[in-house]
Novice: 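If you scroll down you'll find the structure; I have some questions about it.
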Number of protein chains: 2
Amino acid sequence: MHSVSEENYIKTIYHLQEGKNLVSTNDIAGRMSTKASSVTDMLKKLAEKNLAEYIPYKGTRLTQNGINCATQIIRKHRLWEVFLVEKLNFSWDEVHEVAEQLEHIQSRKLIDEMDQLLGFPKYDPHGDPIPDAQGNYEKITKTAVSQLEKGQKGILTGVLDTSTRFLKYLDKHQIELGTPIELIEKESFDGTCHIKTDQKEIHISKTTADNLYLKKIS
Amino acid sequence: MHSVSEENYIKTIYHLQEGKNLVSTNDIAGRMSTKASSVTDMLKKLAEKNLAEYIPYKGTRLTQNGINCATQIIRKHRLWEVFLVEKLNFSWDEVHEVAEQLEHIQSRKLIDEMDQLLGFPKYDPHGDPIPDAQGNYEKITKTAVSQLEKGQKGILTGVLDTSTRFLKYLDKHQIELGTPIELIEKESFDGTCHIKTDQKEIHISKTTADNLYLKKIS
DNA sequence: AATAAATTTTAGTCTTGTCTAAAAAAATAA
DNA sequence: TTATTTTTTTAGACAAGACTAAAATTTATT
């Protein structure tokens with residue numbers, strides 16, 4: 001259907017266009033570690049194929065067509081991640097790289113059967129929701145730890161950064177999905193957060209606090 | 001490591017070089033539905049990478065390096081086929097196309113864990129042996145039904161052609177791995193075989209008889 | 001508003017893998 | 001053994017996708 005490269009661009013645009021009206025060429029290039037000129041070339045092609053609208057010098061956004069394509073790729077990516085963790089003993093920091101490859105395998109039956117084998121999971125190992133066969137999924141309101149007020153609490157429901165380094169860091173501090181987190185204090189000058197989990201109290205950088213998403217609790 | 005295209009050439013050469021000393025450019029082109037000139041280009045590249053020996057105008061053969069690479073690809077292909085049939089309800093005629101994609105996924109852990117999940121299977125759904133992590137596998141002596149003498153019997157241990165059309169044809173006649181087959185009569189002029197299974201007696205073409213492999217029994 | 005800075009696009013090049021057409025080599029036949 | 005046919009290679013072209021350098025456009029700044 002679409003090339004691996006096209007699919008990667010579609011996925012990236014989908015993630016970047018959340019909230020925004022148009023996604024800029026540079027943002028795409030930055031996230032994909034490629035050059036702006038390469039992005040321009042691809043945007044023309046995606047527009048040609050009716051997967052994205054492209055307004056030169058302004059930016060791009062996916063068409064409904066492109067959005068459908070993106071959610072199917074995300075569905076595949078996240079189902080494979082569940083499979084790797086549940087069935088093949090991968091840890092949550094090991095799954096991303098392999099899932100990046102597996103998400104491009106083309107077979108409707110494969111992914112629907114996989115869904116069934118896994119018991120139609122709703123979330124992947126990083127807490128992100130898995131679109132169903134129709135592309136629908138629950139959009140959760142994400143509150144970053146860095147946005148909490150002093151004294152507020154929540155339960156970790158997702159992480160933004162899924163790099164191995166970050167996830168291993170969380171593992172080291174016994175922070176995982178479902179971990180309750182309370183903001184004790186926030187340094188105003190550099191955003192460092194003093195938090196308390198069910199295990200211990202630690203100080204985390206603003207970068208880390210930006211990457212931890214909670215469901216707020218009373 | 002190697003590109004998908006390189007891997008497909010390596011796999012093809014591996015299959016063609018069984019028994020032969022050198023594999024011809026045309027044979028490779030024929031099996032891959034590509035042109036001889038494309039094959040020549042790739043052979044030069046594989047030789048450059050020390051994956052194959054290439055003697056212009058004479059032919060090619062894989063180096064030990066190339067053979068190791070080939071067996072790993074075959075290991076992956078066959079393990080994925082077992083997974084698809086055992087865990088995802090695929091039938092034996094549906095697995096090939098998807099396994100062709102999955103065999104190129106790069107992750108040592110993925111395939112070793114998969115092997116374990118499946119209980120270290122020895123054969124794939126078409127009766128072909130699965131190489132272990134070191135690349136070793138049992139080479140079974142293949143006797144085609146067409147090579148039997150009148151009255152000889154055997155058990156179906158493999159099929160050469162794994163196309164959907166052929167496998168569905170076998171399904172229709174209730175022929176599967178393990179089915180006992182006896183040669184009743186062979187037409188000398190066109191090779192048509194009159195065979196008896198545990199279910200019934202049928203006549204099969206020479207082409208079909210060439211594609212059914214048996215382990216001979218007394 | 002005019003200039004400077006940042007962003008984006010264009011033009012041209014490169015690599016991988018494919019193709020066609022023509023040339024070269026090997027195999028076959030007369 | 002020479003001629004013919006088949007096989008294989010070379011030469012040149014093309015498409016996809018990426019890159020660099022330069023040009024064009026937009027945004028920011030004075």
Side-chain angles (χ1 to χ4, degrees), chain A residues 1-17 20-62 66 69-70 73 100-101 103-106, chain B residues 1-17 20-62 66 69-70 73 100-101 103-106:
Chain A
M1 200 56 204
H2 308 121
S3 73
V4 168
S5 195
E6 284 167 353
E7 289 196 348
N8 283 330
Y9 276 97
I10 290 168
K11 197 176 49 150
T12 301
I13 298 168
Y14 183 83
H15 286 307
L16 289 173
Q17 79 181 6
K20 291 199 205 76
N21 182 33
L22 286 171
V23 179
S24 82
T25 301
N26 248 9
D27 281 0
I28 298 169
R31 205 171 211 260
M32 297 186 72
S33 304
T34 184
K35 296 295 144 87
S37 54
S38 310
V39 176
T40 302
D41 288 348
M42 183 56 87
L43 293 182
K44 286 178 189 165
K45 199 205 289 189
L46 294 179
E48 192 64 39
K49 291 194 174 190
N50 194 30
L51 290 161
E53 287 176 68
Y54 168 54
I55 308 164
Y57 290 106
K58 295 299 177 185
T60 190
R61 73 167 75 89
L62 295 179
C69 182
I73 299 166
E100 287 277 300
Q101 298 179 61
E103 72 189 1
H104 301 294
I105 302 291
Q106 304 288 354
Chain B
M1 201 55 202
H2 307 120
S3 73
V4 169
S5 195
E6 283 167 354
E7 290 198 346
N8 283 329
Y9 276 97
I10 290 167
K11 196 177 49 152
T12 301
I13 297 167
Y14 183 83
H15 283 125
L16 289 173
Q17 81 181 6
K20 291 198 205 77
N21 181 34
L22 287 171
V23 179
S24 82
T25 301
N26 248 9
D27 281 0
I28 298 169
R31 203 166 208 262
M32 298 186 71
S33 304
T34 184
K35 295 296 144 87
S37 55
S38 309
V39 175
T40 302
D41 288 347
M42 182 57 86
L43 292 182
K44 287 179 188 165
K45 200 204 289 186
L46 294 179
E48 192 65 38
K49 292 195 173 188
N50 194 30
L51 290 161
E53 286 175 68
Y54 168 54
I55 308 163
Y57 292 106
K58 295 299 178 185
T60 191
R61 73 166 76 88
L62 295 180
C69 181
I73 299 166
E100 287 278 299
Q101 297 180 62
E103 72 189 3
H104 301 294
I105 302 293
Q106 303 287 355

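So you know, we letter chains A, B, ... as the sequences are listed, proteins then strands, and number each from 1.
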Novice: In Å and rounded to the nearest 0.5 Å, what is the OH to OG1 distance from B:Tyr9 to B:Thr34?
Specialist: 4.5 Å

Novice: For the CG atom of B:Asp27 and the NE2 atom of B:His15, what is their distance to the nearest 0.5 Å?
Specialist: 14.5 Å

Novice: Mind checking the CD1-OG1 spacing from B:Ile28 to B:Thr60? Nearest 0.5 Å is all I need.
Specialist: 6.0 Å

Novice: List every contact pair, protein side and nucleotides 22-28 of chain C side both N or O, where the distance is under 3.5 Å.
Specialist:
none

Novice: Under 4.0 Å from any atom of DNA chain C, heavy atoms only: list the residues of residues 2-17 of chain B that qualify, in numerical order.
Specialist: B:Ser3, B:Ser5, B:Tyr9

Novice: With a 4.0 Å limit, can you tell me whether A:Asn26 has a side-chain N or O closer than that to the phosphate oxygens OP1/OP2 of C:dA6?
Specialist: no

Novice: Can you measure A:Ile28 atom CD1 to C:dT9 atom C1' for me and round it to whole angstrom units?
Specialist: 14 Å

Novice: Give the rounded distance in Å between these two atoms: NZ of A:Lys44 and P of D:dA15.
Specialist: 16 Å

Novice: What pairs of residues pass the salt bridge (charged side-chain N to carboxylate O under 4.0 Å, His left out) test when at least one of them lies in residues 49-60 of chain B, not counting sequence neighbours?
Specialist: B:Glu6-B:Lys49, B:Glu53-B:Arg61

Novice: B:Ile55 CD1 to D:dT9 P: how many Å, rounded?
Specialist: 11 Å

Novice: Rounded to the nearest 0.5 Å, what separation is found between the CD1 atom of A:Ile55 and the CG atom of A:Leu22?
Specialist: 5.0 Å

Novice: Which residues in residues 32-42 of chain A have a heavy atom closer than 4.0 Å to any atom of DNA chain C?
Specialist: A:Ala36, A:Ser37, A:Thr40

Novice: Using a 3.5 Å distance criterion without hydrogens, assess whether the side chain of A:Gln106 forms a donor-acceptor pair with backbone atoms of A:Met1.
Specialist: no

Novice: With sequence neighbours left out, what residues match A:Tyr54 under side-chain hydrogen bond (donor to acceptor under 3.5 Å, both in side chains)?
Specialist: none

Novice: Roughly how far, to the nearest 0.5 Å, is CZ of A:Arg31 from CG of A:Leu16?
Specialist: 5.0 Å

Novice: What pairs with B:His2 under side-chain hydrogen bond (donor to acceptor under 3.5 Å, both in side chains), at least two apart in sequence or on another chain?
Specialist: none

Novice: Output the distance between atom CG (A:Leu62) and atom CG (A:Asn50), rounded to the nearest 0.5 Å.
Specialist: 11.0 Å

Novice: Rounding to an integer number of Å, can you tell me how far B:Leu43 CG sits from D:dT7 P?
Specialist: 16 Å

Novice: Should B:Leu43 and B:Ile13 count as side-chain neighbours, where that means a heavy-atom distance under 4.5 Å?
Specialist: yes

